Amino acid sequence: MNNLVLSLAPKFTKLQTLTLRQENPQLEDNAVETIANFCHDLQELDLSKSFKLTDRSLYALAHGCPNLTKLNISGCTSFSDEALEYLTNFCQKLKTLNLCGCVKAATDRALQAIGRNCNMLQSLNLGWCENVGDLGVMSLAYGCPALRCLDLCGCVLITDDSVIALANKCLHLTSLGLYYCRNITDRAMYSLTHSRVKNKPSMWQSMKGRYDEEGLRSLNISQCTALTPSAVQALCDTFPALHTCSGRHSLVMSGCLSLTSVHCACAVQAHRTLNTIPHTAH
């Protein structure tokens, strides 16, 4: 893989999309540096599971590929937050960024840089980045108002303050992952609900029917054991696209035994319909 990239990259100078995802990591920094030296029009790059890469690769991409809009470096565990911060100073067109498992790179320092520099960001995966805290997420919320999808699963340090900031500032948010974020309480759920209600007249009334298409469509609160049924039911009632019914699980609550009474509107309707069907006597 590494030698192949070294030989081919200089021949594809107009390349815009490149996927180098590997099951058996072979890619090294010199290959990424070659890509950065020759493929200046690159917009989408997947380097996921490239365990051998170091900060040299991010520094090279910062200088050679400023037009990146989509970058996947999930599982690249050697990258530092300093190098990621440096990258965001140059790659300010990023719309999709996957940092899942980048424990050293995804810190509050890096997220503050993303908030400062990447205001076009729409999708960010921070799954299992255990050093992420409220400061970083709040910086994202204030700096990236276009954010639509955010995965915070396993970010065990965050609290309600993170969700409240997202609810107030990221009004286009459609997908939020909070799996195993056990510091999340009802305050966070009610902030999402209240933000929806508060912004309905001012933001959505001119959108002619698109209101129901906006708002949360996917929420994972599995293992968020501090949540109560009343808060989650209020959220479910507020966002009709959140489903608990069979085959449409967009509200995921695994491991929350206290939330078994929470149901979406169509699940309730299906239950009522079932109960009204006359039973034939045998």
Side-chain angles (χ1 to χ4, degrees), residues 125-128 130 132 134 137-138 141 147-201 203-204 209-281:
N125 190 333
L126 294 170
W128 305 105
E130 58 190 29
V132 168
D134 288 332
V137 178
M138 292 170 70
L147 203 59
R148 300 183 69 86
C149 301
L150 179 60
D151 191 341
L152 294 168
C153 293
C155 296
V156 295
L157 298 179
I158 67 167
T159 71
D160 293 335
D161 290 341
S162 288
V163 180
I164 291 170
L166 291 167
N168 290 332
K169 297 298 179 180
C170 298
L171 303 182
H172 300 287
L173 198 65
T174 60
S175 177
L176 180 60
L178 296 171
Y179 172 75
Y180 216 80
C181 297
R182 293 191 165 182
N183 293 320
I184 299 300
T185 73
D186 289 352
R187 282 182 63 226
M189 299 299 100
Y190 284 124
S191 72
L192 291 166
T193 300
H194 294 159
S195 177
R196 167 79 161 179
V197 173
K198 179 179 68 175
N199 289 293
K200 180 175 180 178
M203 187 169 184
W204 306 120
R210 284 189 58 197
Y211 174 67
D212 287 335
E213 300 175 15
E214 295 287 342
L216 280 176
R217 305 181 68 83
S218 176
L219 177 65
N220 189 340
I221 50 174
S222 298
Q223 300 295 336
C224 295
T225 52
L227 298 176
T228 66
S230 57
V232 179
Q233 187 63 62
L235 185 72
C236 195
D237 293 341
T238 303
F239 295 98
L242 290 179
H243 293 280
T244 61
C245 50
S246 178
R248 303 178 71 183
H249 288 287
S250 54
L251 175 57
V252 185
M253 303 177 291
S254 303
C256 299
L257 298 180
S258 65
L259 301 182
T260 54
S261 63
V262 176
H263 295 290
C264 61
C266 54
V268 172
Q269 182 60 41
H271 180 72
R272 288 174 179 168
T273 302
L274 184 63
N275 287 339
T276 56
I277 296 176
H279 296 281
T280 304

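All residue numbers refer to positions in the sequence shown, counting from 1. Everything numeric in this text was worked out from a predicted model, so none of it was measured.
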Does the side chain of [Y] come within less than 4.5 Å of [X]'s, by heavy atoms?
{"X": "L157", "Y": "V132", "answer": "no"}
{"X": "V252", "Y": "T244", "answer": "no"}
{"X": "Q233", "Y": "L259", "answer": "no"}
{"X": "S250", "Y": "F239", "answer": "no"}
{"X": "L150", "Y": "L166", "answer": "yes"}
{"X": "T228", "Y": "M189", "answer": "no"}
{"X": "C266", "Y": "R248", "answer": "yes"}
{"X": "M138", "Y": "I164", "answer": "no"}

So, taking the atom named [atom1] in [X] and the one named [atom2] in [Y], what distance separates them when rounded to the nearest 0.5 Å?
{"X": "L176", "Y": "L192", "atom1": "CG", "atom2": "CG", "value": "6.5 Å"}
{"X": "L152", "Y": "S162", "atom1": "CG", "atom2": "OG", "value": "7.0 Å"}
{"X": "L251", "Y": "L235", "atom1": "CG", "atom2": "CG", "value": "7.0 Å"}
{"X": "M253", "Y": "L219", "atom1": "CE", "atom2": "CG", "value": "9.5 Å"}

Handout entry: Residues forming a ring-ring contact (aromatic ring centres under 6.0 Å, His included) with Y179, sequence neighbours excluded
Key =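 For Y179, the residues satisfying ring-ring contact (aromatic ring centres under 6.0 Å, His included) (neighbours in sequence not counted) are W128.
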
Practice task
Determine whether the side chains of N168 and S195 contain a donor N or O and an acceptor N or O closer than 3.5 Å.
Solution key: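 There is no such pair (donor and acceptor under 3.5 Å, judged by atom type) between the side chains of N168 and S195.
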
Between [X] and [Y], what is the shortest heavy-atom contact and its length?
{"X": "L178", "Y": "C153", "result": "N-SG, 4.0 Å"}
{"X": "L173", "Y": "C149", "result": "CD1-N, 4.2 Å"}
{"X": "C264", "Y": "C236", "result": "CA-SG, 3.5 Å"}
{"X": "P229", "Y": "S261", "result": "CB-OG, 3.6 Å"}
{"X": "I221", "Y": "L227", "result": "CD1-CD1, 3.7 Å"}
{"X": "D134", "Y": "I158", "result": "OD1-CA, 3.5 Å"}

Kindly say whether [Y] contributes a backbone atom to a donor-acceptor pair with the side chain of [X] at under 3.5 angstrom?
{"X": "D160", "Y": "T185", "answer": "yes"}
{"X": "N183", "Y": "V156", "answer": "yes"}
{"X": "S222", "Y": "S254", "answer": "yes"}
{"X": "T174", "Y": "R148", "answer": "yes"}

Exercise for the section: Using the ring of Y180 (Phe, Tyr or Trp, six-membered ring only), decide whether R182 places NZ or CZ under 6.0 Å from its centre and within 45 degrees of its axis. Expected result: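 Output yes; distance and angle both within limits.
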
